[in-house]
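First up is the structure itself, then whatever we jot down about it.
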Amino acid sequence: MRYSQSLLPTLKETPAEAEVISHRLMLRAGFMRKLTSGVYTYLPYGLAAIRRVEAIVREEMNRAGAQELMMPMVQPADLWRETGRYEKYGPELLRFHDRHERESCLGPTHEEVITDIIRRDLHSYRDLPINLYQIQTKFRDEIRPRFGLMRGREFIMKDAYSFDVDDAGAEVAYGKMYEAYKRIFTRCGLEFRAVQADSGAIGGSFSHEFMVLADTGEDTIVVCKSCEYAANMEKAEVKPAEAKNDEPLLDLEKVETPGKRKVNAVCEFMDITPDQLVKTMVYIADGTPVAVLVRGDREVEEVKLKNFLGAIDVELADDKAAFDATGAPTGYLGPVNSKIKLVADQEVAAMANFVVGANEKNYHMRNVNLGRDFEVSGIADLRQVTIEDPCPACGGEIDLTEGIEVGHIFKLGTSYSESMEAMFQDADGQEKPFVMGCYGIGVSRVVAAAIEQNHDENGIIFPVPLAPYQVIILNLGLKDESINAAAEKLYSDLQQAGIEVLFDDRDERPGSKFKDADLLGIPYRVTVGKSLTKNGVLEVRRRSDGYTEEIAPEQIVESLLERIKKDMEH
Ligand code: ATP
Ligand code: MG
């Protein structure tokens with residue numbers, strides 16, 4: 001493509017609206033333009049990157065035996081009523097009426113539509129297993145669209161749905177998608193982890209999220225430095241603490257701590273460290289207060305607490321609710337003679353002679369011990385993991401990193417097929433509901449995540465497989481006939497060789513051509529300028545590390561082909 005003829009509007013200034021780096025760079029590099037909140041036009045350069053992701057996704061889905069189809073974006077409300085989701089889905093589902101007053105919605109996902117297709121056309125176990133997918137625009141009326149393509153209202157998703165005769169079959173389908181997803185993100189050149197996600201009512205390890213590791217993800221994930229372990233923060237287990245040592249239990253003491261309510265203030269006043277203190281945190285779990293005990297320097301993990309209590313909703317009690325429940329003023333809460341149910345993080349059970357609030361204003365207690373001074377109704381892993389904790393799988397060091405969810409696979413079971421009466425006849429003549437799975441990839445989000453992971457202060461550094469062009473040629477001699485001719489020839493030779501080339505033939509200063517080339521993040525830059533007429537060489541520079549070589553024009557096609565081929569291999 002000739003730059004002079006392309007719609008590739010780069011910006012020098014960073015747009016104020018963009019909060020994260022990928023959003024800034026995508027606007028600056030002319031990827032897309034906002035039409036309205038969370039809704040974007042993909043300009044040619046951005047679309048080309050999206051198409052690269054799509055091509056990899058499509059190839060790997062086909063390789064895994066899935067078939068492509070395309071379902072409508074507009075869906076009738078009645079179909080969604082069959083699963084109860086028309087009412088349940090919430091305001092993210094954009095509902096509207098057509099001219100005949102028929103209620104409809106814009107598809108945020110397609111379980112209902114695909115199940116409807118299958119129930120009409122597949123009736124026998126002989127037709128199974130089957131896996132169908134599409135790459136299509138979704139609409140979700142997100143409450144807070146932000147970060148550009150990362151969280152749009154309109155976005156491109158690949159969604160696949162599998163149908164099997166039984167659980168074992170569904171698990172095979174799940175495994176195939178798991179492997180396909182690993183191949184897809186590897187081929188995209190991304191650093192990612194598959195993390196176990198909460199699979200809610202289904203249980204087991206049948207939901208994984210694929211997370212691209214980046215500094216600005218919306219989720220925190222825990223990854224092991226030595227083994228494959230990776231989990232969402234709220235799911236990451238803490239290894240049980242060493243059992244209580246044989247420290248002798250000292251006598252319980254009440255201590256006056258005037259005005260000392262915060263952990264740090266109490267510690268300073270009593271000359272102890274936060275790991276010798278136990279915090280008492282009051283939560284309201286489905287309307288009932290419960291106090292959670294954690295070490296002074298730890299945080300309660302609400303998802304773990306919720307799962308442990310089997311509650312639908314848990315919320316930290318405000319000062320008034322906590323006082324009403326316990327009768328103790330904020331900052332002086334403690335487990336001794338507690339009026340409400342107590343649960344303790346496992347680490348507390350391994351502590352001896354610790355400090356707690358005395359349930360009385362301006363007083364704490366010293367040398368408190370679980371079992372001697374108070375009892376709890378449950379001990380469990382209830383706290384957030386910290387960077388000092390060992391990997392729960394191998395004991396190695398862990399890292400906390402931000403992650404961007406680019407894919408999600410889920411074993412659905414029979415909930416959709418049962419509510420929609422999607423049945424097939426099994427080998428023994430019995431009618432059975434299909435066993436389903438669903439598998440999503442945020443195609444447009446993948447591009448944002450790739451940039452979030454691969455950039456520097458000058459711009460994007462595209463992983464070669466996702467780059468809209470593999471090579472950019474800078475013609476720095478528009479007014480010099482021999483340079484001009486050499487640049488034109490190179491452009492045509494590279495295209496002949498099947499390389500995607502952006503040919504910067506604009507009448508611009510060299511400085512701004514170099515700047516744009518860096519901003520756009522095209523993997524290889526070839527400069528055709530004075531070094532050609534002087535020394536008979538072209539300068540080839542790799543965007544990722546700045547590595548620069550001078551190459552004779554006769555060797556350049558071969559040399560670039562070789563490098564690109566290597567970059568694409570995984
Ligand atoms: P999130 O937790 O980020 O809201 P989700 O769990 O609701 O996502 P899924 O229903 O699992 O999303 O959708 C499959 C994939 O679609 C996600 O893994 C993500 O990559 C992508 N995706 C979801 N919502 C958006 C959005 N608003 N903008 C861009 N991509 C999205
Ligand atoms: Mg998800």
Side-chain angles (χ1 to χ4, degrees), residues 19-20 22-23 26 31-32 34-40 42 46 49-50 53-54 56-57 61 73 85 88-94 106-114 133-161 174 177-178 180-182 184-185 188 190 192-200 202 206-214 216-221 232-235 303 402-412 416 436-453:
E19 294 167 68
V20 296
S22 59
H23 190 193
M26 286 167 112
F31 265 68
M32 80 278 194
K34 184 163 101 177
L35 180 63
T36 179
S37 170
V39 177
Y40 292 87
Y42 309 116
I50 289 172
V53 178
E54 286 181 4
I56 292 172
V57 168
M61 292 307 289
M73 212 181 157
R85 284 214 294 182
K88 265 190 277 173
Y89 204 92
E92 277 181 26
L93 183 67
L94 186 67
L106 283 186
T109 175
H110 281 68
E111 283 82 5
E112 280 81 359
V113 179
I114 194 82
Y133 77 97
Q134 63 175 348
I135 298 176
Q136 190 239 22
T137 298
K138 296 277 181 284
F139 192 92
R140 293 182 181 180
D141 201 356
E142 299 273 356
I143 183 164
R144 216 146 69 91
R146 56 183 183 157
F147 306 158
L149 300 194
M150 202 86 89
R151 182 167 297 282
R153 291 197 300 156
E154 205 178 281
F155 60 96
I156 301 174
M157 197 202 284
K158 185 285 299 179
D159 43 330
Y161 305 89
Y174 186 91
M177 286 296 106
Y178 183 90
Y181 274 42
K182 284 215 308 209
I184 288 168
F185 298 121
C188 286
L190 297 170
F192 69 96
R193 293 287 180 114
V195 307
Q196 278 189 28
D198 208 3
S199 43
I202 293 169
F206 286 110
S207 175
H208 283 88
E209 287 172 356
F210 287 78
M211 297 284 193
V212 165
L213 308 184
T216 41
E218 290 185 306
D219 302 289
T220 303
I221 58 176
N232 273 335
M233 187 75 176
E234 61 260 24
K235 275 217 82 182
V303 174
E402 304 283 290
I404 300 167
E405 184 195 319
V406 287
H408 193 173
I409 58 176
F410 210 97
K411 190 176 151 211
L412 290 171
Y416 287 90
M436 293 172 57
C438 70
Y439 318 93
I441 290 181
V443 171
S444 42
R445 186 184 281 182
V446 167
V447 177
I451 295 173
E452 215 52 64
Q453 195 176 72

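All ligand and atom numbering here is 1-based and tracks the order in the structure.
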Practice item. Taking salt bridge (Lys or Arg N to Asp or Glu O under 4.0 Å) as the test, write out the residues that go with Glu234, two or more places apart. Key: none
Point to revise | Results of side chain to side chain donor-acceptor pair (under 3.5 Å) for Arg153 - residues two or more places apart only | key: Asp141
Review point. So which of Arg151, Arg146, Met157 gets nearest to atom 4 (O) of ligand 1, if we judge by its closest heavy atom?
Key: Arg151
Study note, to complete from the structure: For Leu149, the ligand 1 atoms with a heavy-atom partner under 4.0 Å come out as 29 (C)
Practice item. Give the ring-plane orientation class for His408 versus Phe410, where under 30° counts as parallel, over 60° as perpendicular and anything between as tilted. Key: perpendicular
Practice item. Measure the distances from the heavy atoms of Met150 to every atom of ligand 1 and state whether one is below 4.0 angstrom. Key: yes
**Study point:** No-hydrogen, no-angle side-chain donor-acceptor test under 3.5 Å, Gln196 and Ser207
**Key:** no
Exercise for review: Mark the output for Thr109 as yes if a heavy-atom distance to ligand 1 is under 4.0 Å, and as no if none is.
Suggested key: no
Check your understanding: With ring centroids as reference points, do Tyr439 and Tyr181 lie under 6.0 angstrom apart?
Key -> no
Point to revise | Charged N-O contact under 4.0 Å between Arg146 and Glu19 | key: no
Review point. Hey, which atoms in ligand 1 end up nearer than 4.0 Å to a heavy atom of Glu142?
Key: 24 (N), 26 (C), 27 (N)
Exercise for review: May I ask whether Gly407 has any heavy atom positioned less than 4.0 angstrom from an atom of ligand 1?
Suggested key: yes
Review point. Hey, is ligand 1 close enough to Gly152 that some N/O pair sits below 3.5 Å?
Key: yes
Exercise for review: For atom 7 (O) of ligand 1, state which one of Glu154, His408, Arg140 supplies the nearest heavy atom.
Suggested key: Arg140
